[in-house]
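Each ligand, and each atom within it, is numbered from 1 in the order the structure gives. All residue numbers in this chain count up from 1 along the given sequence.
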Amino acid sequence: MAQQEDVFKKIISHCKEYGFVFPSSDIYDGLGAVYDYGQNGVELKNNIKQYWWQSMVLLHENIVGIDAAIFMHPTTWKASGHVDAFNDPLIDNRDSKKRYRADVLIEDQLAKYDEKIDKEIAKAAKKYGDNFDEVQFRATNPRVLEHTQKRDALHERFAKALNDGNLEELRQIILDEEIVCPISGTRNWTEVRQFNLMFSTEMGSTADGASKIYLRPETAQGIFVNYLNVQKTGRMKLPFGIAQIGKAFRNEIVARQFIFRMREFEQMEMQFFVKPGTELQWFDTWKQTRMKWHQNLGFGAENYRFHDHDKLAHYANAATDIEFHMPFGFKEVEGIHSRTNFDLSQHSKYSGKKIEYFDPETNESYIPYVIETSIGVDRMFLSIMCHSYEEEQLPDGQTRTVLHLPAALAPVKLAVFPLTKKDGLPEKAQEIIRDLRFHFNCKYEEKDQIGKRYRRMDAIGCPYCVTVDQQTLQDNTVTLRDRDTMEQHRVNIADLQGIIEEKVSITTLLKNLQ
Ligand code: ATP
């Protein structure tokens with residue numbers, strides 16, 4: 001575990017050193033859980049957004065996009081339930097004065113039981129080799145049975161406390177499980193309290209009668225309040241979806257995991273409107289579709305899992321998370337929710353407008369049901385960084401730090417180097433860039449030895465480097481070097497675009513989804 005934490009720290013400093021992510025207002029020592037994306041980070045982030053947007057809007061005839069404002073009429077948040085219920089249970093440790101989410105402390109405890117079980121299984125698998133029968137071992141090994149029983153009992157108690165909104169019981173679980181504060185090591189806990197996560201501000205001057213408005217805590221409501229506009233102007237027929245990418249804001253209680261939990265972040269959400277009664281089928285379809293989108297990046301199916309919710313939001317009739325194996329465990333990257341017709345009904349009630357769909361096939365009118373897919377751009381960014389980062393031992397005994405980013409998402413696709421700064425080599429290199437920059441992001445580098453330049457490109461995940469040398473001037477060929485294999489081939493300048501584009505284009509990624 002400590003080793004994994006070390007890796008995570010290295011990834012954070014790598015993000016800063018190579019222009020991916022900086023603390024916000026860095027010269028003033030940062031602002032809690034707010035981050036800026038640097039010159040490479042913004043490119044990676046834009047590519048993630050493009051991959052998502054195109055997979056939704058280009059590949060589905062019945063999904064369209066919108067871009068709603070961050071500020072919304074304050075009644076929106078009353079109707080959606082956020083004013084009254086968008087809370088997290090918080091608890092303080094009196095000795096360290098640190099604040100925690102009570103539910104997260106208990107979830108971490110559950111994960112500890114899982115870890116213990118996994119350890120026993122790994123140990124036995126090693127001992128028995130090919131003869132190991134995991135199902136039988138789980139069913140009979142006394143230590144595994146004991147951990148499983150404790151885990152299941154805790155899980156049941158926790159789910160009930162959450163569903164009942166029983167804050168005292170949450171505290172009691174923390175005490176009974178003897179959960180200590182990781183900083184002070186003590187069990188000197190306060191009561192559990194509810195804390196609303198929405199930021200508010202005022203619109204208009206006080207003299208005019210300023211009104212309290214909120215920074216949206218999710219982008220979804222911008223879609224719901226535009227349902228009628230889009231359905232009518234786009235002449236959309238059910239089932240259809242509306243996609244949106246945009247900023248969301250939450251005053252998170254605990255913000256200690258870099259860009260995993262931020263106070264200002266970005267979401268990519270798609271609301272899919274369906275006929276009532278078909279929603280669970282669509283829920284299943286979207287679960288599979290979204291998992292495929294993730295796995296298409298090539299990080300290995302074993303690094304993803306579904307995690308069904310213990311506590312369904314009051315409006316949901318099914319919900320699951322797609323979790324990714326981060327250095328700090330399996331963590332939610334995306335949520336998929338069957339939200340019934342709760343949001344549209346509420347907005348209809350609070351606005352007094354009829355929000356219904358007339359179904360020409362059955363001649364009935366009804367409020368559509370909704371399946372939502374909701375993914376955080378920043379969490380996706382973090383999962384990609386964590387999986388791509390490697391300190392690779394090379395056969396010659398050296399190490400290199402390399403980001404094995406999926407080529408289609410890499411900030412820079414091609415770096416072009418003149419071998420030396422003379423004999424017209426820089427001019428030839430610039431000429432190559434002049435032609436290729438229309439097709440993908442290229443970078444020119446002439447400083448330092450070629451080896452050092454390769455390392456700098458490896459560190460930002462650039463999939464291809466090209467070196468221009470004396471031979472180039474004679475026969476128009478260059479050396480093309482692959483980031484992952486480090487193999488080099490002599491290729492014609494005229495062939496570069498074709499070779500690289502095939503590998504780095506988002507279109508290639510999208511085609512694999514079909
Ligand atoms: P968590 O339980 O981790 O707080 P959540 O279940 O509240 O997350 P949702 O409301 O389902 O999250 O939001 C959908 C997605 O938005 C999440 O899967 C995540 O990727 C992203 N997200 C939510 N909160 C944050 C945050 N504070 N910082 C970064 N991304 C976030």
Side-chain angles (χ1 to χ4, degrees), residues 21 24 31-37 41 45 48-49 52 77 80-82 85-90 100-108 110-111 158 162 194-199 215-223 243-271 283 286-287 290-291 293-294 304-316 318-324 326 328-339 342-343 370-386:
V21 182
S24 154
L31 180 67
V34 186
Y35 290 90
D36 297 341
Y37 286 84
K45 200 176 176 210
I48 295 169
K49 290 195 265 186
W52 183 88
W77 305 109
S80 67
H82 283 81
F86 193 54
N87 300 322
D88 275 342
L90 68 80
Y100 298 89
R101 263 174 65 177
D103 56 333
V104 172
L105 285 179
I106 300 171
E107 275 166 11
D108 288 349
L110 281 168
F158 174 49
L162 278 184
Q194 291 288 25
F195 177 76
N196 192 290
L197 300 181
M198 279 200 294
F199 284 102
L215 298 187
R216 65 180 178 199
E218 62 174 27
T219 57
Q221 299 303 325
I223 293 179
Q244 175 170 224
I245 300 179
K247 289 271 179 145
F249 305 82
R250 294 183 188 178
N251 196 4
E252 296 282 0
I253 298 170
V254 184
R256 296 188 199 116
Q257 275 164 331
F258 191 41
I259 55 172
F260 181 78
R261 194 173 295 288
M262 301 157 91
R263 297 202 165 103
E264 171 179 342
F265 58 101
E266 208 163 359
Q267 288 185 314
M268 306 190 280
E269 296 199 298
M270 195 279 299
Q271 313 290 326
F283 175 71
W286 278 108
K287 265 176 77 169
R290 293 304 305 147
M291 187 57 108
W293 183 89
H294 285 276
Y304 299 89
R305 69 181 190 196
F306 287 115
H307 171 82
D308 294 333
H309 284 202
D310 289 326
K311 180 195 175 204
L312 286 180
H314 53 286
Y315 49 76
T320 196
D321 294 334
I322 293 179
E323 294 186 336
F324 182 76
M326 305 266 194
F328 44 94
F330 271 95
K331 295 286 167 189
E332 170 182 349
V333 175
E334 172 157 4
I336 300 162
H337 312 125
S338 173
R339 290 176 80 129
F342 173 79
D343 301 87
V370 174
I371 305 301
E372 159 183 271
T373 71
S374 172
I375 168 171
V377 181
D378 314 270
R379 277 195 198 173
M380 190 62 204
F381 185 109
L382 182 61
S383 66
I384 291 169
M385 272 292 176
C386 290

Under 4.0 Å, heavy atoms only, figure out whether ligand 1 is touched by the backbone of His337, its side chain, both or neither.
-> side chain
Intermediate values then yes/no, side chain to side chain contact (heavy atoms under 4.5 Å, CB included), His294 and Glu334 | CA-CA 10 Å; His294 285 276; Glu334 172 157 4; 2.8 Å; yes
What residue and atom, counting heavy atoms only, is the protein's closest point to atom 20 (O) of ligand 1, and at what distance?
-> Val333 O, 2.7 Å
Atoms of ligand 1, numbered as shown, that sit under 4.0 Å from any heavy atom of Glu334 | 18 (O)
Determine, for Phe199 and Arg250, whether the Lys NZ or Arg CZ falls below 6.0 Å from the six-membered ring centre while staying within 45 degrees of the axis.
-> no
Worked verdict on Val377 versus Trp52 for side chain to side chain contact (heavy atoms under 4.5 Å, CB included) | CA-CA 9 Å; Val377 181; Trp52 183 88; over 6 Å; no
Decide side chain to side chain contact (heavy atoms under 4.5 Å, CB included) for Leu382 and Phe324; before the verdict, give the C-alpha distance in whole Å, the side-chain angles of both, and the deciding distance to 0.1 Å.
-> CA-CA 10 Å; Leu382 182 61; Phe324 182 76; over 6 Å; no
Contact partition for Gln267 relative to ligand 1, non-hydrogen atoms under 4.0 Å = side chain
Which heavy atom of the protein is the closest neighbour of atom 22 (N) of ligand 1, given with residue, atom name and distance?
-> Phe265 CE1, 3.5 Å
Which of the listed options, Glu218, Arg379, His309, Glu252, holds the heavy atom that is closest to atom 27 (N) of ligand 1?
-> Glu252
Nearest heavy atom to atom 8 (O) of ligand 1: which of Glu332, Lys331, Met380 does it belong to?
-> Glu332
Specify side chain, backbone, both or neither for Asp321, according to which of its non-hydrogen atoms lie closer than 4.0 Å to ligand 1.
-> neither
With only distance considered, is Met262 within less than 3.5 Å of ligand 1 through an N or O on each side?
-> yes
At what distance is the nearest protein heavy atom to atom 29 (C) of ligand 1, and which residue and atom is it?
-> Phe260 O, 3.3 Å
Check for a donor-acceptor pair, side chain of Glu372 on one end and backbone N or O of Ala220 on the other, with a separation under 3.5 Å.
-> no
Before signing off on this row, confirm whether Ile259 and ligand 1 have an N or O atom pair separated by under 3.5 Å.
-> no
Pairing residues for His82 by the ring pair (Phe, Tyr, Trp, His ring centres under 6.0 Å) criterion, not counting sequence neighbours | Trp77, Phe86
Are the side chain of Arg379 and the backbone N or O of Glu332 linked by a donor-acceptor pair below 3.5 Å?
-> yes
Only one of Phe328, Phe265, Tyr35 passes ring pair (Phe, Tyr, Trp, His ring centres under 6.0 Å) with Phe260; say which it is.
-> Phe328
Listed by chain and number, what are the ring pair (Phe, Tyr, Trp, His ring centres under 6.0 Å) partners of Phe381, not counting sequence neighbours?
-> Tyr37
Side chain, backbone, both or neither: which part of Arg101 comes within less than 4.0 Å of ligand 1 when only heavy atoms are counted?
-> side chain
Between Arg261 and ligand 1, which residue portion shows a heavy-atom distance shorter than 4.0 Å: side chain, backbone, both, or neither?
-> both
Using a strict 4.0 Å threshold on nitrogen-to-oxygen distance, state whether Glu269 and Arg216 make a salt bridge.
-> no
Please could you name the atoms of ligand 1 that Ser374 approaches to less than 4.0 Å, counting only its heavy atoms?
-> 13 (O), 14 (C), 15 (C), 18 (O)
Residue and atom name of the nearest protein heavy atom (relative to atom 21 (C) of ligand 1), distance in Å to one decimal | Gly376 CA, 3.7 Å
Looking only at protein heavy atoms, identify the closest one to atom 7 (O) of ligand 1 and say how far it is in Å.
-> Arg250 NH1, 3.1 Å
